[in-house]
S.K.: 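I have a structure I would like to understand better, so I am pasting it below and will then ask my questions one at a time.
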Amino acid sequence: MEQSLTRYIWTHTKRHQLFILMIVALSMIPYFLAFDLPKQIVNGPIQGDGFEGANATQPFMNITVDLPYWGTITLFDGLELDRMSMLMALSLTFLALVIVNGLFKYYINTYKGRLGERLLRRIRYELIDKILRFPPSHFKRVKGAEISSMVKDEVEPLGGFTGDAFVQPALLGGQALSALFFILVQNFWLGLIAAFMAAIQVGIIPKMRRRLIELGRQRQLSARQLAGRIGEMVDGIGTIHAYDTSNYERADASHRLGDIFKIRYDLYQWKFLVKFINNFLAQLTPFFFYALGGYLTLKGSLDVGQLVAVINAYKELPGPLKELIDWDQSRQDVQVKYEQVFEQFNAPNMIDEKVQKLSAVSTTALTAPIVITNLTLEDDSGSRLLEQASLKIEPGEVIAIVGGSGGEALADAVGRTLWPASGKITIDDVDILELPEAVTGRRISYVSSDSYFFHASLADNLLYGLKHSLIADKVYQGAELEHRKWEIREAKMAGNPSVDINGNWIDYASSPAGDDKPENLSKAVLAVLDAVDLSQDVLEFALRSSIDPLHDLNLAARIVELRHILRSELEKENLSGLIAPFELNSYNNEATVGENLLFGTMRDSSQTIRTVIESDYFRTLMRETGLVETLFDMGHTIAENIVEIFSDLPGDHPFFQQLTFMTPDDLPIYQQMLQRLQGKHFADANESEKRAMLRLSFFYVEPRQRFGLLTQEIMDRIIEVRHMFHANLPDELKNIIEIYDPSKYMSATSLMDNILLGKISYRYSDASRRITKIVADVMRKRGVYERVLAVGLDFNLGSGGKRLGPLQRQKLNLARALMRKSDYYIFNRPLPGLDHRLQEEIVERVITFLKQNNNNPSIVWVLSNATLSRMFDRVIVVHQGSITADGSYETLAQENGTFKEMVAT
């Protein structure tokens, strides 16, 4: 990028700038002509100059040209018009010139706006491109929130200034000079006064505004630092809560906001002082015009038409002058912003553009070894992590690295996330840092303990390593095709690449499937999930998710089919008691009273049962059947029992976890209600008390709370009211309630709830785990497992993958690397949080997975647990920043004391 904003703008937009400057020059013609018309209208038709006789006429639109040697040439004699016709003709001409000037302004502003937006797009793309080419160490010194704030907000004014950079001074200067020249033509002294006052404004105001620029720079810097600090708060919110530092953070935020307030207040004070002086100078000139111009008119040196024309022309002078001064301030302001952006993004040792060049061609396999020669690695403080290390990693080797930070640093260097202080890493005599990412980013897969996932689905993140080149463009037709052509044209004009983000970026051939068939990729995904022990997690994501049956009729039908098959399987295994099914004529003991009463779910998951309970239809039915009094008495008894049991317990007692319908804060409220209702009945309670007691009864489950309140008589009455409720259900409630039906898919509930169509029994402590296992087995037998797992792969991971647990993140991080075929796999402590047994299982499965189907990649694994090194052909020991041993597990276990200590610990 150019260091000067003006030069940068001219370099990328000069052809368009010259065109619009030509349009600006043309616009000055009607602009100047509009100044003279008021004088002609006032002096001519209105005052009668030239229309002394009753039938006097004057030519309208008489066009003559004075040429040297030729004399005066008449091009058009004009139309002879009387006084009234001339007034109308001149007025219409003035109106036409107003429209023409307006159209010129419209076109110029629209054109320069488009020009500015294109350059803003170019700048933002170049900054994003630079971010992608920053050296790894640079990211440790910058804050992501500050960088994103600069790209998003701080370069915004640069785009607005682009269109004004050359056009605005030309347009405004031309307008000001036109008005000034016209005034000079009418009267020299008035023109001299106008020129003098304009010179004062142009000379003083920009100097006063330099303070505004400095304050603006301070405001921008403070706002950027605030954005970075807020980003840190969001990322470290767990630490803030864990160490009770939220009030410290509030104090820090208050201090920063105070600084910004002070800067902005100073800015406002100085800004309006400058505006006051500018407005005073602008209004001082009309004083001279009215005084001196009026004097000259009274003396006969200036006619009324000329005075009106001069005053009208001066009205057009302050506007351009003010905008010209504003333009100069804006120029200085955006130059400061541009220089700050330039300095922030002008990082040393940027990755060469050629290294990241887009390559759709499949790269050939790396058959040469990785050679590490005299490699020295340092951290940001300059401390040595590894010193003078030399070794060779042959193709097909399975290597374990054990030791401290030196082993991790070595893996980071091979993965190109840590650049050598000295020495080098080469492949086939080429420095690894000079190899294109199309080679290293595909043929070498690197995984560290740090994991980051994008705000997308699990599948998108899992397949992210295959999205390195555009395999095929999307096929567009009709309006979409025209829009795509427009996108390509605009991208090229803004200096952006025109590659299609909506095309197919998945490189199927680089996946473990090894071909371009999507079904084989799906099988590879399942195999990878099994290898890292993530299949069960994805299945649970799927079972907790819901689908739209209208978009996936086949899966919805299969889920209903599984519902009946599961019941049969449970009966065969004598496990029917694990599920209490929803049946229209039976009370479900494992469900709440409310669920039994409504016998259905909300069609829209955003709605709750309260919508139905508070409806007039439901309330009327409850009163007419008398069930409301029964449930009120039940809620009253529940409240008495809970207050008696829990009133003396602290709010954090684990017993409260069993209360799904009451919190510790609700206890005092119900205590007061019970005191007011002592000795009273349903009719004596107010509406608030009735709702509170009914709420408790609606959430009551007998096997869970065990207060012995649900007699057979009450359950029968609830079933009876259930039938009455659904028999005459009004349309507005039919549209929001979906009744339980064994033959239909419930659109608003999860897949697991649809498969069960009932409740898991509370009588079995491990019922949920057993049911999940049985459901998974049934799905495998019926060929639905892969399709259901695909629903789990659509699970959105949230910002930074924060919806995943720590162990799930580690597993997915490892799985993402396994989803592509590489020649070298570098695993840098990818599973630090897993227990020893699970680590061993996953390491063994991963090695087996990578070596299957005659594949023979090199595997380099920095181990958290040295005992696992027995599974590797070669072990490298790194101790105190040096490679101290290199050999087989058996040899080192017998001969190397350092390795023996590592294994023992």
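Numbers for residues simply follow the sequence, beginning at 1.
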S.K.: To the closest 0.5 Å, what do you measure between CG (L555) and CZ (R787)?
M.R.: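 Separation between the atoms: 5.0 Å.
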
S.K.: Does any part of the side chain of Y740, heavy atoms only, come nearer than 4.5 Å to the side chain of T601, both counted from C-beta?
M.R.: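 Yes, their side chains come closer than 4.5 Å.
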
S.K.: Report yes if some heavy atom in the side chain of H723 is under 4.5 Å from a heavy atom in the side chain of N585; otherwise report no.
M.R.: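 Of all side-chain heavy-atom pairs linking N585 with H723, at least one is under 4.5 Å.
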
S.K.: Would you give the length of the straight line joining atom CD1 of I842 to atom CG of D533, rounded to the nearest 0.5 angstrom?
M.R.: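 With rounding to 0.5 Å, CD1 (I842) is 5.5 Å from CG (D533).
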
S.K.: Looking only at heavy atoms, which two atoms of R809 and F453 are closest? And how far apart?
M.R.: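 Minimum heavy-atom separation between R809 and F453: O-CZ, 3.4 Å.
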
S.K.: I'd like to know if K467 and D460 make a salt bridge, using a cut-off of under 4.0 Å between side-chain N and carboxylate O.
M.R.: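 Answer for the salt bridge query: yes.
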
S.K.: So, do L458 and R803 sit near enough that their side-chain heavy atoms are less than 4.5 Å apart?
M.R.: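 No. Closest side-chain heavy atoms not under 4.5 Å.
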
S.K.: Parallel, tilted or perpendicular for F698 and F618, by the 30°/60° rule?
M.R.: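 Ring orientation of F698 relative to F618: tilted.
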
S.K.: Do the side chain of N813 and the main chain of S448 share a donor and acceptor less than 3.5 angstrom apart?
M.R.: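 Yes: the side chain of N813 pairs with the backbone of S448.
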
S.K.: Taking side chain as C-beta onward, heavy atoms only, is L539 less than 4.5 Å from M779?
M.R.: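 Answer yes - side chains close enough.
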
S.K.: Give a yes or no answer on whether the side chain of R722 reaches the backbone of N596 with a donor-acceptor pair at less than 3.5 Å.
M.R.: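 Yes, the answer is positive, given that a donor and an acceptor are paired below the 3.5 Å cut-off.
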
S.K.: Are the side chains of L793 and L529 in touch, meaning some heavy atoms are under 4.5 Å apart?
M.R.: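 Yes, at least one pair of side-chain atoms sits under 4.5 Å.
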
S.K.: With heavy-atom distances below 4.5 Å as the criterion, would you say the side chains of M602 and V612 are in contact?
M.R.: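 The answer is yes, as the side chains (C-beta and beyond) meet within the 4.5 Å cut-off.
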
S.K.: D753: what forms a salt bridge (charged side-chain N to carboxylate O under 4.0 Å, His left out) with it, not counting sequence neighbours?
M.R.: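 D753: no salt bridge (charged side-chain N to carboxylate O under 4.0 Å, His left out) contacts found.
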
S.K.: For the residue pair A776 and Y785, what are the closest heavy atoms and their distance?
M.R.: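 Reported closest heavy-atom pair: O-CD1, 4.2 Å.
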
S.K.: Are more than 12 heavy atoms from other residues, nucleotides or ligands located less than 6.0 Å from atom CD of E519?
M.R.: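 Yes, enclosed.
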
S.K.: How far apart are the closest heavy atoms of E702 and L709, and which atoms are they?
M.R.: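 Distance-wise, the nearest heavy atoms are OE1-N, 3.1 Å.
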
S.K.: Are K517 and Y508 in a cation-pi setup, meaning NZ or CZ lies under 6.0 angstrom from the ring centre and within 45 degrees of the ring axis?
M.R.: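 No; the conditions do not both hold, so K517 does not lie above the ring face of Y508.
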
S.K.: Okay, side chain of H564, backbone of P742: is any donor-acceptor separation there less than 3.5 Å?
M.R.: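 Confirmed, H564 side chain pairs with P742 backbone.
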
S.K.: Evaluate the ring planes of Y452 and F454, with Trp represented by its six-membered ring, and classify them as parallel (under 30°), tilted (30 to 60°) or perpendicular (over 60°).
M.R.: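 Answer is perpendicular, since the angle exceeds 60°.
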
S.K.: Compare all side-chain heavy atoms of L674 with those of M693 and state whether any distance is below 4.5 angstrom.
M.R.: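 Yes, side chains in contact.
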
S.K.: Hey, are the side chains of M622 and R619 touching, using non-hydrogen atoms and a 4.5 Å cut-off?
M.R.: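 Not in contact.
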
S.K.: Other residues, nucleotides and ligands only: do more than 12 of their heavy atoms fall within 6.0 Å of CG on D616?
M.R.: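 Incorrect, the count does not exceed 12.
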
S.K.: Can you name the one residue among V593, D716, L597 that meets side chain to side chain contact (heavy atoms under 4.5 Å, CB included) with Y587?
M.R.: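 The option that passes is V593.
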
S.K.: Tell me, with the steps shown, if Y670 and E640 meet side-chain contact (heavy atoms from CB on, under 4.5 Å).
M.R.: CA-CA 9 Å; Y670 277 98; E640 289 179 330; over 6 Å; no

S.K.: Using the side chain to side chain donor-acceptor pair (under 3.5 Å) rule, take E571 and S576 through it: C-alpha gap first, then chi angles, then the decisive distance, then the call.
M.R.: CA-CA 5 Å; E571 288 176 3; S576 298; 4.7 Å; no

S.K.: Minimum heavy-atom separation for G635 and S697, please, with both atom names.
M.R.: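 In terms of heavy atoms, the two residues are closest at N-CB, 4.0 Å.
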
S.K.: Give a yes or no on whether the backbone of N796 and the side-chain of H455 come within a donor-acceptor separation of less than 3.5 Å.
M.R.: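 Side chain of H455 to backbone of N796, a donor-acceptor pair under 3.5 Å: no, none is there.
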
S.K.: How many angstroms lie between CG in L812 and CG in D537, if you round to the nearest 0.5 Å?
M.R.: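 These two atoms lie 10.0 Å from each other.
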
S.K.: Restricting to non-hydrogen atoms, name the atom on L789 and the atom on S535 that form the minimum distance, rounded to 0.1 Å.
M.R.: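 Minimum heavy-atom contact is CD1-O, 3.9 Å.
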
S.K.: Nearest 0.5 Å, please: how far is CG in L631 from CE in M634?
M.R.: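 These two atoms lie 5.5 Å from each other.
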
S.K.: So how far is it from T630 OG1 to L694 CG, rounded to the nearest 0.5 Å?
M.R.: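 T630 OG1 to L694 CG: 10.5 Å, rounded to 0.5 Å.
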
S.K.: For the pair I771 and M752, evaluate side-chain contact (heavy atoms from CB on, under 4.5 Å) and give the outcome as yes or no after the intermediate values.
M.R.: CA-CA 10 Å; I771 284 293; M752 178 61 96; 4.3 Å; yes

S.K.: Give a yes or no answer on whether the side chain of N588 reaches the backbone of E583 with a donor-acceptor pair at less than 3.5 Å.
M.R.: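 No: the side chain of N588 does not pair with the backbone of E583.
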
S.K.: Would you call E738 and K744 a salt bridge, using N to O less than 4.0 angstrom?
M.R.: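 Not counted as a salt bridge, because no side-chain N and carboxylate O are separated by less than 4.0 Å.
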
S.K.: Please say which of E840, E841, Q839 ends up in a side chain to side chain donor-acceptor pair (under 3.5 Å) with R837.
M.R.: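 Going through E840, E841, Q839 one by one, the side chain to side chain donor-acceptor pair (under 3.5 Å) with R837 is satisfied by E841 alone.
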
S.K.: With distance as the sole test, does Y617 use its side chain to make a donor-acceptor pair with the main-chain N or O of F725 at under 3.5 Å?
M.R.: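 Judged by distance alone, yes, a pair lies under 3.5 Å.
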
S.K.: Would I638 and F699 count as a side-chain contact (heavy atoms from CB on, under 4.5 Å) here? Give the steps.
M.R.: CA-CA 10 Å; I638 294 171; F699 288 97; over 6 Å; no

S.K.: Assess the residue pair T749 and N754 against the criterion (side chain to side chain donor-acceptor pair (under 3.5 Å)); give the C-alpha distance rounded to whole Å, side-chain angles, the decisive distance to 0.1 Å, and a yes or no.
M.R.: CA-CA 7 Å; T749 58; N754 266 286; 2.9 Å; yes

S.K.: Mind running side-chain contact (heavy atoms from CB on, under 4.5 Å) on T637 and Y700 for me, showing each step along the way?
M.R.: CA-CA 11 Å; T637 305; Y700 181 72; over 6 Å; no

S.K.: On a heavy-atom basis, which atom in P830 and which in Q810 lie closest, and how many Å separate them?
M.R.: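 Minimum heavy-atom separation between P830 and Q810: O-CB, 3.6 Å.
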
S.K.: Within a 6.0 Å radius of atom CD on E732, are there more than 12 heavy atoms belonging to other residues, nucleotides or ligands?
M.R.: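 Result for CD/E732: enclosed.
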
S.K.: Would you say N735's side chain and D731's backbone share a donor-acceptor pair under 3.5 angstrom?
M.R.: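 Yes; at least one donor-acceptor contact below 3.5 Å.
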
S.K.: Counting neighbours of OH on Y464 that are heavy atoms of other residues, nucleotides or ligands and sit closer than 6.0 Å, is the number greater than 12?
M.R.: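 No, not enclosed.
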
S.K.: Between K781 and D777, does any side-chain N to carboxylate O distance fall below 4.0 Å?
M.R.: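 Not counted as a salt bridge, because no side-chain N and carboxylate O are separated by less than 4.0 Å.
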
S.K.: Taking Q808 for the side chain and L534 for the main chain, is one N or O donor matched with an acceptor at less than 3.5 Å?
M.R.: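 Not a single qualifying donor-acceptor pair exists.
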
S.K.: With a 3.5 Å distance limit and no angle check, can you tell me whether D684 reaches the backbone of H681 through a side-chain donor-acceptor pair?
M.R.: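 The answer is yes, because a donor-acceptor pair under 3.5 Å joins these two groups.
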
S.K.: Could you check whether R229 pairs with E249 (Lys NZ or Arg NE/NH1/NH2 to Asp/Glu carboxylate O, under 4.0 Å)?
M.R.: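 Looking at E249 together with R229, the answer is yes, because their closest N to O distance falls below 4.0 Å.
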
S.K.: Given 3.5 Å as the limit, does a donor-acceptor pair link the side chain of N574 with the main chain of L570, or not?
M.R.: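 No; judged by distance alone, with no hydrogens or angles, the pair does not exist.
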
S.K.: Counting only heavy atoms from other residues, nucleotides and ligands, does the tally under 6.0 Å from CD of E844 exceed 12?
M.R.: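 No, CD of E844 has 12 or fewer neighbouring heavy atoms, counting only those of other groups under 6.0 Å.
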
S.K.: With rounding to the nearest 0.5 Å, note down the distance linking CD1 in I755 to CE in M746.
M.R.: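 CE of M746 is found 14.0 Å from CD1 of I755.
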
S.K.: Just to verify, what does R782 make a side chain to side chain contact (heavy atoms under 4.5 Å, CB included) with, not counting sequence neighbours?
M.R.: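 Testing R782 for side chain to side chain contact (heavy atoms under 4.5 Å, CB included), a comparison that skips the adjacent residues, returns R558, L562, I565, V778, V784.
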
